[in-house]
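For reference, the structure discussed in these notes is given below.
We count ligands from 1, going down the list as the structure has it; atoms in each ligand are counted the same way. No experiment lies behind these values; they were computed from the predicted model shown.
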Amino acid sequence: MTHNIVIVGAGFAGVWSALSARRLISSHVNNNPAAADIQVILIAPEPQLVLRPRLYEASPENFVYPLTDLFSATGIHFIQGTVDAVSVEGRNVTVVNPTGATSTQPYDRLIFAAGSCLVRPPIPGLDEHAFNVDQLSAAVKLENHLQGLKSKPSSKARNTVIVCGAGFTGIELATEMTARLQSILGKDADTKVLLVSRGEELGETLGQGPRPVISRALRKLGVETKLGTTITAVDAHGVTIGTGERIEAMTTIWTAGVAATQLSKQISGEKDALGRLRVDQDLRLPSNKEIFVAGDSACAPTGDHGHNSLMSCQHAIPMGRAAGYNAAADLLNVPTVPYYQPIYSTCLDLGPYGAVLTHGWERRVVVSGAVAKKIKAYINGTSIYPPEPTQPSKALAAANPAVNEEAVY
Ligand SMILES: Cc1cc2nc3c(=O)[nH]c(=O)nc-3n(C[C@H](O)[C@H](O)[C@H](O)COP(=O)(O)OP(=O)(O)OC[C@H]3O[C@@H](n4cnc5c(N)ncnc54)[C@H](O)[C@@H]3O)c2cc1C
Ligand SMILES: *[C@@H]1O[C@H](CO)[C@@H](O)[C@H](O)[C@H]1NC(C)=O
Ligand SMILES: *[C@@H]1O[C@H](CO)[C@@H](O)[C@H](O)[C@H]1NC(C)=O
């Protein structure tokens, strides 16, 4: 009888789950009759991995990795569609395919890896007028808008970009924006980039460590900041802030607030403040042993030190390796491996100023500037990319959860 491992999502967690499950199954094919009957099925709207961390760069459409060849080389069955219902009792998911037709896909083990998305607060005009870089379509829309500014007469509003939210994404976007704007409007254009945040500190969740480097980078790059500032309305020509002041800008980009996707609401279980499902060390839902969760949809302990996974590739990829392994191990009747990732580091891009690399959960700065930029370029250009389809056995080997502990992101 065939058994299905069904994976929802083709992001970092979903792709690595699928590879890892296939790796374990292949290694048992010669000695375990159950192995040949396990199918790995991945469901996603498109057979591509969107490299979300790179969506704020120019030409975001380049940051998509096609998966069809990798999936066929490694024996992953792909179903194109969007899952719109998860039936835990019926052990099935409902899939809406691109033509709108609906089908049901049964599972024996489910790996939920539908990721996260930006949640916009109900600020008047925000939905209609603010751009974002959360998903590919939104990033392309921003790029087209920025290119379109060229044909508009120069004005303060045209030359100004407001970045809302001074977290990881907001800081990276703001430090990159002057150069991006000048490459479109010309080197001599009187451009202005303004970073606005409700918080009183830059990069509140990034901690004390990197803050002086971030401040210096913003100053050097001429990025202005307005902290402790609430945006109360957005329109096509600017924003209004809490004091009633108006700031002219044809481009407002919202980066604040990410949560697990809506679909995760259909799975009952304890959730954290970001809507992520709490899972055990095997990445399993405590209330349903047939469901594993990985990536931005999951809140998992990273080890014995009380830290939980974050919404990052750094966590999504190793979680995928562990979830895929464990779902397959369960069906093969072999022991599972706990997800374990004690080492934590962050590399924040700071545009032409370089980058800043921190180590540890207390975020101690290790290097900054050009050296850190080299590391960032390796992370965003190499280590977050999926393996090549040309060498399937190497691609599967890369999904071994044993590599998690040494991997650098
Ligand atoms: C602008 C930006 C910058 C970032 N910068 C960094 C960074 O520098 N470093 C870092 O580590 N992380 C960064 N991140 C975070 C990182 O991108 C995420 O943590 C990572 O993408 C999570 O991977 P995931 O697989 O869980 O989810 P995702 O990458 O979001 O993938 C989810 C997948 O599920 C699919 N899906 C969603 N709903 C359904 C459904 N109903 N049915 C079927 N499929 C569905 C999606 O199409 C997608 O394929 C950044 C994110 C953004 C947006
Ligand atoms: C990726 O690295 C390149 C090279 O360092 C850099 O220019 C770019 O801004 C980085 N992008 C992201 C999203 O980190
Ligand atoms: C899916 O699960 C539901 C129970 O929630 C059940 O009624 C239905 O028959 C199942 N469909 C299939 C095709 O298994």
Side-chain angles (χ1 to χ4, degrees), residues 4 6-18 42-57 60 63-65 67 78-97 102-107 111-118 132-139 142 163 165 167-173 176 206 253-266 274 276 293-298 300 309-320 323 344-349 355 376 379-380 383-384 386 408-409:
N4 294 329
V6 171
I7 299 160
V8 181
F12 298 93
V15 168
W16 285 98
S17 294
L42 187 145
I43 307 169
E46 299 288 341
Q48 62 187 26
L49 173 80
V50 175
L51 292 131
R52 288 178 73 198
R54 304 200 64 169
L55 289 180
Y56 63 74
E57 292 183 48
F63 301 120
V64 165
Y65 186 93
L67 294 167
F78 177 71
I79 296 179
Q80 185 163 15
T82 303
V83 171
D84 77 346
V86 179
S87 168
V88 173
E89 307 78 49
R91 281 191 183 164
N92 64 49
V93 298
T94 307
V95 187
V96 182
N97 82 13
T102 299
S103 62
T104 304
Q105 175 59 56
Y107 66 79
I111 302 177
F112 189 77
S116 61
C117 48
L118 190 65
N132 71 76
V133 288
D134 189 59
Q135 306 289 330
L136 181 62
S137 54
L142 170 64
V163 175
F168 201 102
T169 302
I171 292 168
E172 288 198 335
L173 181 62
E176 192 70 22
L206 294 169
I253 310 172
W254 192 264
T255 70
V258 179
T261 55
Q262 287 293 325
L263 190 63
S264 54
K265 296 208 169 104
Q266 295 198 16
L274 302 172
R276 304 184 300 171
V293 193
D296 284 5
S297 305
S309 58
L310 299 176
M311 287 186 170
S312 74
C313 300
Q314 182 180 171
H315 291 99
I317 295 171
M319 284 165 100
Y344 176 65
S345 60
T346 3
C347 197
L348 180 75
D349 197 73
K376 183 74 186 186
I379 294 170
N380 78 24
S383 68
I384 62 171
V408 175
Y409 298 101

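- At a 4.0 Å heavy-atom cut-off, ligand 1 touches S312 through backbone and side chain alike.
- Between V6 and I111, the closest side-chain pair of non-hydrogen atoms is not below 4.5 Å.
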Passes side chain to side chain donor-acceptor pair (under 3.5 Å), R52 versus S116? Steps please. CA-CA 11 Å; R52 288 178 73 198; S116 61; 3.1 Å; yes

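- In summary, the atoms of ligand 1 found under 4.0 Å from a heavy atom of A10, numbered by their order in the structure, are 33 (C), 34 (O), 48 (C), 49 (O).
- Of the polar atoms of Q48, none of the N or O atoms is found under 3.5 Å from an N or O of ligand 1, judged by distance alone.
- Ligand 1 has no N or O atom lying under 3.5 Å from any N or O atom of A294, backbone or side chain.
- Note: no N/O pair closer than 3.5 Å links G295 and ligand 1 by distance alone.
- The shortest side-chain heavy-atom distance between I43 and I7 does not fall under the 4.5 Å cut-off.
- Those atoms of ligand 1 with a heavy atom of V8 less than 4.0 angstrom away are 42 (N), 43 (C).
- Every atom of ligand 1 is numbered from 1 in the order shown, and the set under 4.0 Å from a heavy atom of L263 is 41 (N).
- At least one heavy atom of V133 sits less than 4.0 Å from an atom of ligand 1.
- At a threshold of 4.5 Å between non-hydrogen side-chain atoms, the residues V15 and L67 count as touching.
- For atom 26 (O) of ligand 1, the candidate residues are D296, V86, V293, V96; the nearest heavy-atom contact is made by D296.
- Looking at D349 and Y56, their side chains come closer than 4.5 Å, going by heavy atoms from C-beta outward.
- The ligand atoms of ligand 1 that sit less than 4.0 angstrom from a heavy atom of M311 are 15 (C), 19 (O).
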Evaluate S383 against Q314 for side chain to side chain contact (heavy atoms under 4.5 Å, CB included), listing each step before the verdict. CA-CA 10 Å; S383 68; Q314 182 180 171; over 6 Å; no

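- Residue contact check: A113 has heavy atoms under 4.0 Å from atoms 32 (C), 33 (C), 34 (O) of ligand 1.
- Among the atoms of F12, some N or O lies under 3.5 angstrom from an N or O of ligand 1.
- Considering only non-hydrogen atoms, atom 51 (C) of ligand 1 lies nearest to R52 out of Q135, M319, Q314, R52.
- Residue contact check: C313 has heavy atoms under 4.0 Å from atoms 10 (C), 11 (O), 12 (N), 16 (C), 19 (O) of ligand 1.
- With contacts defined as side-chain heavy-atom distances shorter than 4.5 Å, the pair M311/L274 qualifies.
- A298 approaches M319 most closely through the heavy-atom pair CB-CE, 3.6 Å.
- Put simply, the side chain of Q105 does not reach to within 4.5 Å of the side chain of N92, judged on heavy atoms.
- Atom 14 (O) of ligand 3 is flagged as protein-proximal [any protein heavy atom, distance under 4.0 Å].
- The shortest heavy-atom distance from K376 to ligand 1 is under 4.0 Å.
- Across the listed options T104, V93, N92, N92 owns the non-hydrogen atom lying nearest to atom 1 (C) of ligand 3.
- With respect to the salt-bridge test (charged N to carboxylate O, under 4.0 angstrom), the residues R276 and D296 do not qualify.
- Residues E172 and K376 are paired through a salt bridge, judged by an N-O separation under 4.0 Å between the basic side chain and the carboxylate.
- For atom 7 (O) of ligand 3, the protein comes within 4.0 Å by no heavy atom at all.
- In terms of N/O distances under 3.5 Å, ligand 3 is approached by S87.
- In Q262, the CD atom is not crowded: 12 or fewer heavy atoms of neighbouring residues, nucleotides or ligands sit closer than 6.0 Å.
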